[in-house]
Amino acid sequence: MSLSGEDLQAIRKIVEETVISLKGELEALRNDMKEIYTMLAVIHMNSSSKQSFQKLNVEEKLLNLHSDLLEAAKQAGVTLPSH
């Protein structure tokens, strides 16, 4: 049994469409993996920051929290009362 020219063209078209589809899926997987690695890095950094924060004494913790609060208020355009 031999394939006709039309059969071969049909097979080529199917293969090309499949390859194009697979390339798109592969690119999507790569993007998902990059996003997952980024999320894991952020989680790791937050965990490390939390551990180092826990090692601070109470005064240092309060000063850090105060600094973070002032920065957040500035970003939000909020004026905090000063006592």
Side-chain angles (χ1 to χ4, degrees):
M1 172 181 188
S2 64
L3 298 173
S4 69
E6 289 179 15
D7 293 335
L8 292 173
Q9 281 186 321
I11 291 171
R12 279 191 199 106
K13 184 177 179 182
I14 292 169
V15 170
E16 287 174 4
E17 289 172 354
T18 302
V19 168
I20 290 170
S21 175
L22 289 174
K23 284 181 180 180
E25 290 179 30
L26 181 59
E27 184 65 28
L29 284 172
R30 282 186 186 136
N31 292 336
D32 289 346
M33 288 174 65
K34 286 178 186 177
E35 189 173 336
I36 289 168
Y37 280 121
T38 301
M39 290 176 5
L40 288 173
V42 169
I43 289 169
H44 180 70
M45 286 183 357
N46 288 342
S47 175
S48 297
S49 296
K50 186 176 180 180
Q51 288 175 355
S52 63
F53 181 80
Q54 294 300 325
K55 293 178 183 178
L56 299 175
N57 65 40
V58 174
E59 182 180 355
E60 291 170 327
K61 287 179 183 178
L62 288 171
L63 290 172
N64 280 343
L65 290 170
H66 181 261
S67 175
D68 291 346
L69 180 60
L70 288 176
E71 180 61 30
K74 181 180 174 183
Q75 290 176 6
V78 174
T79 303
L80 296 175
S82 58
H83 291 22

Inset, instruction - Evaluate whether atom NZ of Lys74 has more than 12 neighbouring non-hydrogen atoms of other residues, nucleotides or ligands under 6.0 angstrom away. - result: no
Legend entry - Glu6 atom CD: more than 12 heavy-atom contacts under 6.0 Å: no
Inset, instruction - Among Thr38, Val42, Ile36, find the residue that satisfies the side-chain contact (heavy atoms from CB on, under 4.5 Å) test when tested with Leu40. - result: Ile36
Inset, instruction - State which residue, out of Leu62, Val58, Leu56, fulfils the side-chain contact (heavy atoms from CB on, under 4.5 Å) condition with Glu60. - result: Leu56
Would you be so kind as to tabulate the donor-acceptor pairs closer than 3.5 Å made by side chains of residues 26-35, with sequence neighbours excluded?
residue : atom : partner : partner atom : Å
Asn31   : ND2  : Glu27   : O            : 3.4

Inset, instruction - Step by step, work out the side-chain hydrogen bond (donor to acceptor under 3.5 Å, both in side chains) result for Asp7 and Ser4. - result: CA-CA 5 Å; Asp7 293 335; Ser4 69; 3.2 Å; yes
Inset, instruction - Run the numbers on Leu63 and Glu59 for side chain to side chain contact (heavy atoms under 4.5 Å, CB included), then give the verdict. - result: CA-CA 6 Å; Leu63 290 172; Glu59 182 180 355; 4.2 Å; yes
Inset, instruction - Give, for atom NE2 of His44 and atom OG of Ser49, the distance between the pair rounded to the nearest 0.5 Å. - result: 9.5 Å
Inset, instruction - Can you measure from CD (Gln51) to NZ (Lys55) and round to the nearest 0.5 angstrom? - result: 6.5 Å
Inset, instruction - Is it possible for you to say whether Leu22 and Val15 belong to one hydrophobic cluster, with membership spreading through side-chain heavy-atom contacts below 4.5 Å? - result: no
